[in-house]
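In listed order, ligands and their atoms are each counted from 1.
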Amino acid sequence: MRTAYSVETVRTAEHELMSRLPEGALMQRAASGLATACAALLRPGRGLYGARIALLVGSGSNGGDALYAGARLARRGAGVTAVLLAPDRTHPGGLAAARAAGVRIVEPEPEPEPERERGAEPPEWERERGTEPPEWEPGPRTATERETAPARDPDPGTQTDGWRGAGDGAGDGKGTGTGTGTGPGIRTGDGTGTGGGSGGGSASGAAADAGAGAGDGAGTGAGDAAVAAVRRAHLVVDGIVGIGGRGGLRPAAARLAEAARASDAVVVAVDLPSGVDADSGETAGAAVRADATVTFGCYKPGLLVDPAAGCTGAVRLVDIGLGPYLPERPALEALQHADVAALLPVPAPESDKYRRGVVGVVAGSARYPGAAVLAVAGALRGGAGAVRYVGPAGDAVVTRFPETLVHAGPPSDAGRVQAWVIGPGLGDGTEARRAMEDVLGSDVPLLVDADGLRLLDRELVRRREAPTVLTPHAGEAAALLGVAREEVEASRLASVRRLAAEFGATVLLKGSTTLVAPAGGKGGRGGDPAVRVNPTGTGWLATAGTGDVLSGVTGSLLAAGLEARDAASAGAYLHGLAGRLAAGREGAPIGASDVASALDAAWRDIRRG
Ligand SMILES: NC(=O)C1=CN([C@@H]2O[C@H](COP(=O)(O)OP(=O)(O)OC[C@H]3O[C@@H](n4cnc5c(N)ncnc54)[C@H](OP(=O)(O)O)[C@@H]3O)[C@@H](O)[C@H]2O)[C@@H](O)CC1
Ligand SMILES: [K+]
């Protein structure tokens with residue numbers, strides 16, 4: 001299980017730990033882990049001589065981490081330049097250590113005043129957005145960054161190295177434990193400096209090399225010493241802001257982050273990419289787009305939830321001894337193979353089809369018979385002993401899956417089930433509405449997807465005694481919440497929590513990072529259990545009909561007896577892994593039927609461990 005904790009929890013735990021350690025010890029642990037990670041990214045096994053590193057240093061301890069790490073790297077031969085974004089508030093210990101190690105210190109040029117004739121109107125972006133400049137839009141991530149393969153992580157508390165692909169973790173069944181070939185490496189440059197530059201400051205030894213680069217563009221406006229240092233660096237360390245950050249990057253930082261992204265340098269974020277919100281995973285304005293993130297003590301939710309997770313690159317957790325001081329209940333958790341293996345229902349020798357659970361699927365219509373077939377395909381591979389299909393697409397279902405029990409309806413006449421799935425391809429006709437009333441009134445777990453979500457009565461859901469699971473994508477979630485789709489996509493964690501609270505239901509929000517929030521307000525003492533984030537998704541799953549398969553497999557897990565949050569998160573995990581297996585290691589377009597067909601392979605992969 002990979003777990004993430006809120007900033008408040010991290011601060012409390014750090015406070016406890018720090019009170020037991022000599023002053024500064026924690027930061028040294030962080031800096032040591034950071035320096036090791038940077039060295040590994042730069043020139044594996046080749047030493048650091050000739051490597052150029054630029055540190056972007058903000059006003060807090062995040063900048064302190066960068067400076068101490070930079071000092072360590074400079075002592076090992078790298079040419080290091082520190083760009084101070086708040087020169088009068090730079091971490092004093094870190095700055096002293098950096099200076100002593102020969103790190104060159106530069107400050108970015110002040111932002112130029114916009115040239116404007118006296119009395120002229122301010123430009124449009126200033127009128128609309130106060131004093132902020134237009135937002136910096138970072139470029140898309142590469143396939144290598146998104147499609148990384150790590151598998152079966154141990155608990156983060158015990159994990160001190162190894163890169164994790166952002167949002168990944170389940171692997172594709174062929175992974176080897178820690179991420180291999182997934183971490184970003186140095187992209188260009190031979191690491192040899194030209195020397196003889198005009199960089200000032202205390203450059204000495206190898207650091208003079210970095211100074212040479214930094215001096216290149218001094219005094220040329222956009223090419224000031226700070227930007228030039230970033231442009232010439234092989235590796236840029238983002239120590240602008242960490243868990244103390246609020247809002248997006250400020251203009252000077254945004255300019256440097258943009259220069260870093262546009263260069264060939266590997267960008268390494270310290271603790272988390274600056275500009276992303278550690279707790280919510282939201283980005284308000286510009287953020288650093290890192291190739292790798294080295295985080296300390298534990299994961300923060302923003303490292304696992306989009307859109308922030310899209311900025312992290314591969315993630316490495318450095319153990320600084322925080323584990324014993326973190327509470328049992330995290331804010332967010334991501335299941336791994338072993339966790340899901342422990343949840344999957346396995347028939348006992350005395351099991352029969354009824355004891356394994358019967359799942360009822362109310363889906364499809366004359367217009368969309370395929371949705372019924374796909375939902376049944378998922379349900380047949382979700383662990384229930386039998387699938388009962390109810391609706392007008394019985395012929396299509398039986399032709400494809402003769403093992404299905406079919407009934408024309410209504411659901412309450414179809415025979416006993418242990419869970420209902422309703423919605424895929426259902427339409428919104430009279431029969432669909434009646435069927436929805438029927439299953440909402442049932443006393444067994446109910447999963448509502450797709451068209452079913454449009455027919456939902458919030459109060460009836462809230463009044464249900466048995467668990468309800470809703471599985472919207474962002475557009476459907478937006479309709480349920482009465483907000484724009486973009487709002488849901490920008491605040492996925494807050495949106496899924498709000499839906500769960502408003503409907504009193506477990507909510508699985510599909511998308512770039514699929515989230516599962518437990519039914520709000522029913523968590524009992526100590527608050528609701530953690531929200532779960534699914535690590536197995538892949539962009540190849542974004543194709544018609546895969547949601548129908550997901551609702552079938554999850555409903556089947558409900559019928560087999562899994563608690564709602566477990567069924568939803570195990571269903572998402574199996575479905576994501578099946579998508580990866582179907583797409584293959586290299587990746588190829590897949591159809592929803594391929595995903596359903598790969599579900600058995602996903603089961604076996606998970607059970608193999
Ligand atoms: N505690 C520990 O034991 C350990 C902590 N560790 C490290 O410390 C980090 C937390 O350090 P922290 O608390 O000093 O906060 P941090 O994130 O560096 O910056 C806060 C400053 O930034 C500023 N600022 C705010 N928003 C901004 C923005 N958008 N853009 C620009 N600037 C912005 C704000 O100042 P302002 O300018 O607003 O007055 C404020 O002063 C943590 O992430 C980890 O790296 C590790 O060493 C392990 C041990
Ligand atoms: K940072």
Side-chain angles (χ1 to χ4, degrees), residues 5-35 37-38 55-70 72 83-94 97 108 111 132-133 135-136 236-257 260 267-279 282-300 302-303 308 311-313 315-322 325-326:
Y5 296 84
S6 71
V7 169
E8 189 185 350
T9 305
V10 171
R11 294 260 192 225
T12 307
E14 275 178 350
H15 191 73
E16 281 285 308
L17 176 57
M18 270 195 293
S19 68
R20 290 165 170 78
L21 293 174
E23 201 182 331
L26 215 48
M27 191 174 264
Q28 289 307 327
R29 288 182 188 177
S32 163
L34 175 61
C38 289
L55 314 173
L56 307 183
V57 180
S59 61
S61 296
N62 197 250
D65 292 340
L67 285 165
Y68 279 120
R72 286 169 185 259
V83 178
L84 308 186
L85 285 152
D88 50 339
R89 292 185 293 149
T90 305
H91 191 280
E111 284 298 296
E132 293 293 304
E135 191 171 310
W136 167 56
V236 176
V237 179
D238 156 32
I240 301 167
V241 72
I243 58 173
R246 295 284 170 273
L249 291 177
R250 294 169 188 168
R255 197 160 132 261
L256 290 168
V267 179
V268 180
V270 181
D271 212 12
L272 65 154
S274 301
V276 311
D277 189 274
D279 279 342
E282 295 171 24
T283 51
V288 165
R289 205 116 172 140
D291 296 298
T293 297
V294 180
T295 200
F296 308 124
C298 64
Y299 292 93
K300 290 84 190 172
L303 296 173
C311 297
T312 64
V315 180
R316 177 183 284 200
L317 177 68
V318 170
D319 187 355
I320 57 170
L322 218 53
Y325 305 95
L326 291 167

Atom 47 (O) of ligand 1: nearest protein contact (heavy atom, Å): Asp65 OD1, 2.5 Å
Which segment of Met27 sits under 4.0 Å of ligand 1 when only heavy atoms are counted: both
Ligand 1 to Ile320 polar contact by distance, N or O atoms, under 3.5 Å: no
Distance in Å, Met18 CE paired with Ile320 CD1, rounded so as to fall on 0.5 Å steps: 8.5 Å
Element-labelled atoms of ligand 1 that are located less than 4.0 Å from some non-hydrogen atom of Gly245: 17 (O), 25 (C), 26 (N)
Closest approach of any protein heavy atom to atom 10 (C) of ligand 1, naming residue and atom: Ile243 CG1, 3.7 Å
Heteroatom test (N, O or S) for Val288 near the K ion (ligand 2), limit 3.4 Å: no
For Asp271, atoms of ligand 1 separated by under 4.0 Å from a heavy atom: 42 (C), 43 (O), 44 (C), 45 (O)
Val241 contact mode with ligand 1 (heavy-atom cut-off under 4.0 Å): both
Criterion side-chain contact (heavy atoms from CB on, under 4.5 Å) on Arg29 and Asp319, from CA distance to verdict: CA-CA 8 Å; Arg29 288 182 188 177; Asp319 187 355; over 6 Å; no
Spacing of CG belonging to Asn62 relative to CG belonging to Leu67, to within rounding of 0.5 Å: 10.5 Å
Sub-4.0 Å heavy-atom approach of Leu249 to ligand 1: no
Close N or O approach (Ala30, ligand 1; < 3.5 Å): no
Distance from atom 18 (O) of ligand 1 to nearest protein heavy atom, with residue and atom: Asn62 N, 2.9 Å
Worked check of side-chain contact (heavy atoms from CB on, under 4.5 Å) between Val270 and Val237: CA-CA 7 Å; Val270 181; Val237 179; 3.5 Å; yes
Gly239 N/O/S atom closer than 3.4 Å to the K ion (ligand 2): no
Heteroatom proximity flag, Gly244 to ligand 1, N/O under 3.5 Å: yes
Side-chain donor-acceptor contacts of residues 84-93 below 3.5 Å, not counting sequence neighbours, with atom names and distances?
{"from": "Thr90", "atom 1": "OG1", "to": "Ala86", "atom 2": "O", "distance (Å)": "3.1"}
{"from": "Thr90", "atom 1": "OG1", "to": "Pro87", "atom 2": "O", "distance (Å)": "3.4"}
{"from": "His91", "atom 1": "ND1", "to": "Gly93", "atom 2": "N", "distance (Å)": "3.4"}
{"from": "His91", "atom 1": "ND1", "to": "Gly94", "atom 2": "N", "distance (Å)": "3.0"}

Ala278 touching ligand 1 at heavy-atom level, < 4.0 angstrom: no
From CG (Leu55) to CG (Asp65), nearest 0.5 Å: 11.5 Å
Atom pair CD/CD of Gln28 and Glu23 - distance to nearest 0.5 Å: 11.5 Å
Options Arg89, Arg246, His15, Arg11, ranked by nearest heavy atom to atom 39 (O) of ligand 1, top entry: Arg89
Closest to atom 12 (P) of ligand 1 among Gly247, Ala25, Ser61 (heavy-atom distance): Ser61
N, O or S from Leu272 under 3.4 Å to the K ion (ligand 2): yes
Test side-chain hydrogen bond (donor to acceptor under 3.5 Å, both in side chains) applied to Arg246 - qualifying residues, sequence neighbours left out: none
side-chain hydrogen bond (donor to acceptor under 3.5 Å, both in side chains) between Ser6 and Thr9, intermediate numbers included: CA-CA 5 Å; Ser6 71; Thr9 305; 2.9 Å; yes
Matching residue for Phe296 among Leu34, Leu26, Leu322 - test: side-chain contact (heavy atoms from CB on, under 4.5 Å): Leu34
The K ion (ligand 2) contact by Asp238, N, O or S atom under 3.4 Å: yes
Where the K ion (ligand 2) is the vertex, angle from Val270 O to Asn62 OD1 to 10°: 80°
Per-atom contacts of ligand 1 with Ser59, taking only distances under 4.0 Å to non-hydrogen atoms: 21 (C), 22 (O), 23 (C), 34 (C), 35 (O), 40 (C), 41 (O)
From Arg289 atom CZ to Ser274 atom OG, the distance as rounded to the nearest 0.5 Å: 14.5 Å
Beyond-backbone contact of Asp277 with Thr283, side-chain heavy atoms, under 4.5 angstrom: no
Nitrogen or oxygen of Gly242 less than 3.5 angstrom from that of ligand 1: yes
Any Thr295 side-chain heavy atom under 4.5 Å of Val318 side chain: no
Distance in Å, Ile243 CD1 paired with Arg11 CZ, rounded so as to fall on 0.5 Å steps: 4.0 Å
Heavy atom of Ala253, distance to ligand 1 below 4.0 Å: no
For atom 32 (N) of ligand 1, the protein heavy atom that lies nearest, with its residue and separation: Arg250 NH1, 3.4 Å
Protein heavy atom at shortest distance from atom 5 (C) of ligand 1: Glu14 OE2, 3.8 Å
